[in-house]
Amino acid sequence: MSINVKFPDGAERAYDDGVTPLKIAEGLSKSLAKKVVAAKVDGAWWDLTRALEKDAKIELVVRDSADGLEVLRHDAAHVLAQAVQDLFPGTQVTIGPVVEDGFYYDFYRDEPFSTDDFPRIEARMREIVDADLPIQREVWDRAEAISHFNAIGETFKAKIIDDVIPPGEPITVYRQGNEWKDLCRGPHLPSTGRLGKAFKLMKLAGAYWRGDQANEQLQRIYGTAWADEKQLEDYLHRLEEAEKRDHRRRGRQMDLFHMQEEGRGMVFWHEKGLTLWRTIEAYMRRRLEKAGYVEVRTPQVLDRSFWEKSGHWENYRANMFVCETAEGETLSLKPMNCPGHVQIFKFGQKSYRDLPLRMAEFGACHRYEPSGALHGLMRVRAFTQDDAHIFCREDQIEDEVARFITLANSVHEDFGLTRDHIALGTRPELRAGSEDFWDMAEGQLLNAARKAGVEPVIAEGDGAFYAPKLDFQLKDAIGRIWTCGTIQNDYVLPDRLGAEYVGEDGQKHKPVMLHRAILGSLERFIGVIIENYAGAFPLWLAPVQVTVATITSDADPYADHVVDLLKRAGLRAEADKRNEKIGYKIREHSLAKVPVIAVVGRKEADERKVALRRLGSQEQTVMSLDEALDALKDEAKAPDERRGD
RNA sequence: GCCGCCAUAGCUCAGCUGGUAGAGCACCUGAUUUGUAAUCAGGGGGUCGGGGGUUCGAGUCCCUCUGGCGGCACCA
């Protein structure tokens, strides 16, 4: 009997019964046989040494493809697990999946691991690779597998079979060498040698069994693995580059902000950082005003009874900063702006003619975040949202959401961020409202997104407890994804707080409230753009736009004059008149990422000129002062001003 | 909050197995007036995160607290 195999390019060949993908690869070319790590048979993963069972379409997966890397990383996880169990008897294995750029394995062991153990573990991993242990797939009986894993003390594996693997699905066990084996879906390499040496253990972390805080605490070892050493080096290099962009480091270097012990999760904004803030805020105000928003401001601290009415006391108390007065009142700092906005909406009567009412606030909120969640500017306890609530009729929702998507896209682009995708967070497990309500609310967001020409990626269960949401996932200059911007269609809060408007029919109706933010919070967004631009802000955002550097003190009065004119032209300019060489000044301001350095010496002063030098360029352009003022004034326009919108 | 790691001058870091703190940059002073990514010389600066313990002796070892970092959990 023979087996007919179809290749992705359409070619077909016949093979003897029992042929394996590895044999097929060997028959095609030597180099392919070397590079191949697994196969896909009729679209399903297939081990190289597993015989084909019938006619099939086959795809050979090579090590440096995305699929191939996944196989390598999965094997690396197994090699890690074997190494750990060799070195630390009594350690139980749990799960070891592939993640972006690498893999991890969760272990259960009484004694903690230390990163000091990594060299030993890596060395043992290399021995396992060198030994080139054969890896074999075995199909086990379900009950037998459970009792076997229990018998050898691998209770987590037994639980996986019991709880996770649906009955009827085959139980596959991979044997690595003679002794070691692991429950695994596969596929795996034919032998450990094929993994190669391009792997490295990266970090150690705590994790919970099945992600639940109530369960056993496990120890997670993260590693990375690549097709070859070059790729590994490149990856490590990328990590270093990303670290250099770190907003916490750059924030310090550029004197933008700092944080200190007594205010965990609270930011001290320095002059330059606040300049950046104000530039962004001013830009947003222009955008919002043009988009038909009104701006309001609501109180920082409100009585407990207020939060009881809004439902926050019941649902959000754990995250609220609560305080008491000498007179015995209990108050809370606002964790959100929405209930306050409803009060403004409710003040006086609203008519359908007032809708949609788009109410914006740069709202300073405080939330008690768990200490372990705090992270630089990205996760803080005091932050300012570019918040707004759009009160509208149900039939206006889709249009408003679509308009919002358009606005948010435009804003994000102006900060050099490109959209990766929009996520639709659907009903979470704990939620308010009926299934019908959720069907309707999710449908509205989906339709609205499509109306704006976007097909959202579904994020199952990611919605808020009262409403589904659309989250903007943005990609920065080095390809990292950040969530900035969200919109939710809330039917619950306006109802709960008694917001009403008078409709065309003269009757009272309940408005729907769209919670939305474009930047998210100013803090976090500034963190994101610091990393996106690696501190080298475009001219319109740079805290210091122009430094006028003198060559000798002869040019000091002229430098002051130039700075004065630049400031009058609306530019943020400083003079550097220090008694230093021009090379030194250039170097310093270049490292400080000042976009334009204007060098002035005696010659420039005499001729009323400046020599402009742009960040990242070695060239100097000498031009008249007036020319330079005009040019810089124009270049420093914010993107919206440039467009004239 | 949980697990692991870390905490030395303003910053980046050195300080081996315990023997009473060091570099570069920054800062201050002086000299130098300089033409496009670091001018030279001198100087000041640290209760080694806090507290406790072991020891003749602790930056170094142990305990504890605080904070930071990396994950996990959380993230309307």
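Because the structure is a prediction, the values reported are computed rather than measured.
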[M] and [N], which share atom name [atom1], separated by this distance in whole Å:
N: B/rA26; M: B/rA9; atom1: C1'; result: 11 Å
N: B/rA14; M: B/rA7; atom1: P; result: 9 Å
N: B/rC65; M: B/rG1; atom1: P; result: 11 Å

Value in whole Å for how far the [atom2] atom of [N] lies from [atom1] of [X]:
X: A/Glu262; N: B/rG50; atom1: CD; atom2: C1'; answer: 13 Å
X: A/Lys203; N: B/rC69; atom1: NZ; atom2: P; answer: 14 Å
X: A/Arg578; N: B/rU39; atom1: CZ; atom2: P; answer: 11 Å
X: A/Arg252; N: B/rG68; atom1: CZ; atom2: C1'; answer: 11 Å
X: A/Arg264; N: B/rG67; atom1: CZ; atom2: C1'; answer: 6 Å
X: A/Gln213; N: B/rC75; atom1: CD; atom2: P; answer: 11 Å
X: A/Met378; N: B/rC74; atom1: CE; atom2: C1'; answer: 18 Å
X: A/Leu201; N: B/rG71; atom1: CG; atom2: C1'; answer: 15 Å

For [N] and [X] - does any side-chain N or O of the residue sit under 4.0 Å from the phosphate oxygens OP1/OP2?
X: A/His375; N: B/rG70; answer: yes
X: A/Arg210; N: B/rA73; answer: no
X: A/Arg248; N: B/rG70; answer: yes
X: A/Gln260; N: B/rG67; answer: no

Below 30° counts as parallel, above 60° as perpendicular, anything between as tilted: where do the rings of [X] and [Y] land?
X: A/Phe107; Y: A/Phe113; result: perpendicular
X: A/His515; Y: A/Tyr466; result: tilted
X: A/Tyr368; Y: A/Phe321; result: perpendicular

Indicate yes or no: at least one non-hydrogen side-chain atom of [X] is less than 4.5 angstrom from one of [Y].
X: A/Leu357; Y: A/Cys392; answer: no
X: A/Arg431; Y: A/Pro428; answer: yes
X: A/Glu241; Y: A/His237; answer: yes

Quick one: label [X] by what it contacts on the DNA or RNA (base, sugar-phosphate, nothing), any heavy atom closer than 4.0 Å.
X: A/Glu580; answer: base
X: A/Arg220; answer: sugar-phosphate
X: A/Lys603; answer: base
X: A/Tyr104; answer: nothing
X: A/Ala373; answer: base
X: A/Ala467; answer: nothing
X: A/Gly372; answer: base
X: A/Pro370; answer: base
X: A/Glu216; answer: nothing
X: A/Ala207; answer: sugar-phosphate
X: A/Ile582; answer: sugar-phosphate

Any-strand Watson-Crick or G-U partner of [N], both distances under 3.5 Å:
N: B/rG30; value: B/rC40
N: B/rC75; value: none
N: B/rC25; value: B/rG10

Test: A/Arg220 cationic atom under 6.0 Å from A/Tyr104 six-membered ring centre, within 45° of axis: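 Verdict for A/Tyr104: a cation-pi partner in A/Arg220.
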Distance to the ring centre below 6.0 angstrom and angle to the axis at most 45 degrees; does that hold for A/Arg304 and A/Phe306?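 Not flagged: A/Arg304 not positioned over aromatic ring of A/Phe306.
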For A/Arg379, is there an ion pair with A/Glu369 - N to carboxylate O distance below 4.0 angstrom?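 Yes, A/Glu369 and A/Arg379 are salt-bridged.
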Charged N to carboxylate O below 4.0 Å: is that the case for A/Arg210 and A/Glu216?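 A/Glu216 and A/Arg210: not salt-bridged.
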Do A/Glu604 and B/rG35 have a side chain to base donor-acceptor pair shorter than 3.5 Å?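 Donor-acceptor pair under 3.5 Å: yes.
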Quick one: does A/Tyr208 reach the base of B/rG1 with a side-chain donor-acceptor pair under 3.5 Å?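 Checked by distance alone, the answer is yes.
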Pairs under 3.5 angstrom, nitrogen or oxygen only, protein versus nucleotides 60-65 of chain B, please.
none

What heavy-atom pair brings A/Tyr293 and A/Met359 nearest, and what distance separates the two atoms?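 That closest heavy-atom pairing would be CD2-N, 4.4 Å.
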Mind listing the closest non-hydrogen atom pair of A/Gln85 and A/Thr91 along with its distance?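 Taking every non-hydrogen atom into account, NE2-O, 2.8 Å.
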Write down the protein N/O and nucleotide N/O pairs, taken from nucleotides 24-26 of chain B, whose separation is under 3.5 Å; answer none if there are no such pairs.
from: B/rA26; atom 1: OP1; to: A/Tyr584; atom 2: OH; distance (Å): 3.1

From the options A/Leu519, A/Asp386, A/Val528, A/Ile529, select the one residue that forms a side-chain contact (heavy atoms from CB on, under 4.5 Å) with A/Cys484.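 Only one option passes, and that is A/Val528.
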Interface residues of residues 594-602 of chain A with RNA chain B (non-hydrogen, below 4.0 angstrom):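 Within this stretch, A/Val599, A/Gly601, A/Arg602 sit under 4.0 Å of the strand.
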Side-chain H-bond candidate by donor/acceptor type, A/Thr94 with A/Lys159, under 3.5 Å: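 Absent: no donor and acceptor within the cut-off.
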